[in-house]
2 protein chains.
Amino acid sequence: MHSPAEVAARYKEQGRRLTPQRQLLFSLMHNNASHPTAEGLHEVASKRMPGISLRTVYQTLDELSDMGEIQLMHGDGGALRFDSNVDEHHHAVCAETGELFDVYVDNIESLRAQLPAGFEVQNVSIVFHGRLAKKKSQTTTKSPARPQTVRAKSTKRSPRRTSRGSTK
Amino acid sequence: MHSPAEVAARYKEQGRRLTPQRQLLFSLMHNNASHPTAEGLHEVASKRMPGISLRTVYQTLDELSDMGEIQLMHGDGGALRFDSNVDEHHHAVCAETGELFDVYVDNIESLRAQLPAGFEVQNVSIVFHGRLAKKKSQTTTKSPARPQTVRAKSTKRSPRRTSRGSTK
DNA sequence: TCCTTATTCGCACGACTTGCGAATAATCAC
DNA sequence: GTGATTATTCGCAAGTCGTGCGAATAAGGA
Ligand SMILES: [Mn+2]
Ligand SMILES: [Mn+2]
Ligand SMILES: [Zn+2]
Ligand SMILES: [Zn+2]
């Protein structure tokens with residue numbers, strides 16, 4: 001999303017009022033890569049502004065979403081998550097922590113998919129499920145991302161068995 | 001999922017009892033490509049067995065999931081959906097109807113993704129969002145799927161504006 | 001400062017799912 | 001077939017997450 005100042009400007013342009021609650025939320029969401037839930041954001045906001053209501057957090061996030069400043073993410077069935085990154089990107093989910101990371105994929109068009117006849121694709125969302133290996137804490141250099149080709153560890157699914165026997 | 005008879009056999013092997021409710025649900029889920037919700041399945045089941053409870057539908061679907069006979073799908077934030085297809089596959093969602101279609105992708109490994117450093121991918125899920133164009137109803141030939149390369153119509157997102165002006 | 005009305009925020013409610021336990025019924029031993 | 005055992009069903013309560021509602025409050029302009 002845009003900077004708090006820019007978002008504030010857009011708010012004014014639209015006749016919306018600049019409240020302390022909104023300004024706080026603008027700053028908390030700006031450059032926020034944690035994909036927070038409403039409750040999570042509310043907790044953080046409450047430290048700086050005790051008394052701010054969860055309802056207001058929901059409302060402001062909805063406004064930002066309507067304005068295209070943030071994106072909504074449904075996901076694992078848990079709480080809705082808010083994404084301050086509105087660029088075209090995808091996600092990696094750590095199965096252990098539930099953390100979400102942004103992932104950029106540049107060759108989605110190359111996917112060979114057997115789509116239903118007559119289906120017109122508008123956009124594609126990809127989620128990489130996996131684990132973030134424990135850092136060997138060698139070079140403290142924050143190496144956020146690294147280009148690589150996907151290689152699933154094992155496509156092993158649920159514990160199915162080969163039903164053999166009295167199947168008539 | 002396996003055939004009702006096979007699932008029934010697996011149930012017995014595990015000391016579970018074969019009730020009419022379960023048997024009905026086995027048959028309703030077998031080869032069911034509609035990715036139904038619990039409520040949807042309950043409605044259908046209620047026609048053949050008036051009185052069957054929604055609670056039992058949830059319970060049985062959970063059992064089938066635990067046994068690896070079906071898969072759970074979270075998704076758009078609405079109700080949980082149950083997938084009788086446990087093969088490795090992906091989905092296409094019609095934005096108009098919400099219908100879900102199975103999609104097979106054979107070259108996921110070719111994706112070039114900038115994953116977080118140290119992230120080990122276990123599996124990837126892809127969702128194609130779009131619309132199912134109205135059939136010209138020419139050949140009634142049910143042509144379920146057709147291989148093709150993905151080509152998004154337009155990556156246009158939310159209605160953002162170029163914040164120009166009083167940005168300090 | 002005063003007025004207008006957008007905003008905040010608590011509460012109720014809705015959608016979806018799960019916990020709980022009494023009543024019921026499937027399965028087995030005899 | 002009869003009876004005992006206990007897994008299962010099912011209604012209801014409760015939990016989670018998000019939204020509708022409206023009175024009290026406060027932003028922003030006159
Ligand atoms: Mn909205
Ligand atoms: Mn389960
Ligand atoms: Zn993101
Ligand atoms: Zn499917």
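Convention: sequence-line order gives letters A, B, ...; per-chain numbering from 1.
In this model, a side-chain donor or acceptor of Arg55(B) finds a partner on the base of dG19(C) within 3.5 Å. One N or O donor and one acceptor, one from the side chain of Arg17(B) and one from the base of dT6(D), sit under 3.5 Å apart. For dC16(C), its base never sits under 3.5 Å from the side chain of Glu39(B) at any donor and acceptor pair.
Heavy-atom nearest nucleotides on DNA chain C were determined for Thr60(A) and for Leu18(B), and the one closer to the 5' end corresponds to Thr60(A). With the nearest nucleotide of DNA chain C identified for both Leu80(B) and Gln59(B), Leu80(B) has the one nearer the 5' end. Residues Lys12(A) and Ala79(A) each lie close to DNA chain D; by heavy-atom proximity, the contact nearer the 5' end of the strand is made by Ala79(A).
Dashed line: the shortest gap from a side-chain N or O of Gln21(A) to OP1 or OP2 of dA26(D) is not under 4.0 Å. For the pair Thr19(B) and dT9(D), the criterion of a side-chain N or O lying under 4.0 Å from OP1 or OP2 is met. Side-chain N/O atoms of Thr56(B) include one lying less than 4.0 angstrom from OP1 or OP2 on dC10(D).
Distance CG (Leu24(B)) to P (dC10(D)): 11 Å, rounded to an integer number of Å. dT18(C) atom C1' lies 14 Å from atom CG of Asp66(B), rounded to whole Å. A straight line from CD of Gln23(A) to P of dT8(C) spans 11 Å, rounded to a whole angstrom. Between Tyr58(A) atom OH and dC21(D) atom C1' there is a gap of 17 Å when expressed in whole angstrom units. Distance CE (Met73(B)) to C1' (dC16(C)): 17 Å, rounded to an integer number of Å. Whole-Å rounding puts the Leu54(B) CG to dC10(D) P distance at 11 Å. Between the P atom of dC17(D) and the NE2 atom of His42(A) lies a distance of 14 Å, rounded to the nearest Å. As a whole-Å value, the separation of Asp62(B) CG from dG19(C) C1' is 13 Å.
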For Tyr104(B) and Glu88(B), what are the C-alpha separation, side-chain angles and deciding distance, and is it a side-chain hydrogen bond (donor to acceptor under 3.5 Å, both in side chains)? CA-CA 8 Å; Tyr104(B) 290 88; Glu88(B) 179 171 329; over 6 Å; no
For a side-chain contact (heavy atoms from CB on, under 4.5 Å) check, start with the C-alpha distance between Met29(B) and Leu25(B), then their side-chain angles and the critical distance, and finish with the verdict. CA-CA 6 Å; Met29(B) 280 303 287; Leu25(B) 293 170; 5.5 Å; no
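Closest non-hydrogen pair, Cys94(B) versus Arg131(B), comes out as SG-CA, 4.1 Å.
Checked against the 6.0 Å centroid criterion, the rings of His2(B) and His30(B) do not qualify as a close aromatic pair.
For Arg22(B), the listed nucleotide lying nearest its side chain is dT9(D); candidates were dA26(C), dC16(C), dT9(D).
Phe82(A) and Tyr58(A) have perpendicular rings, their planes meeting at more than 60° on a 0 to 90° scale where under 30° would count as parallel.
Across all strands shown, Gly77(B) has no heavy atoms under 4.0 Å from either base or sugar-phosphate atoms.
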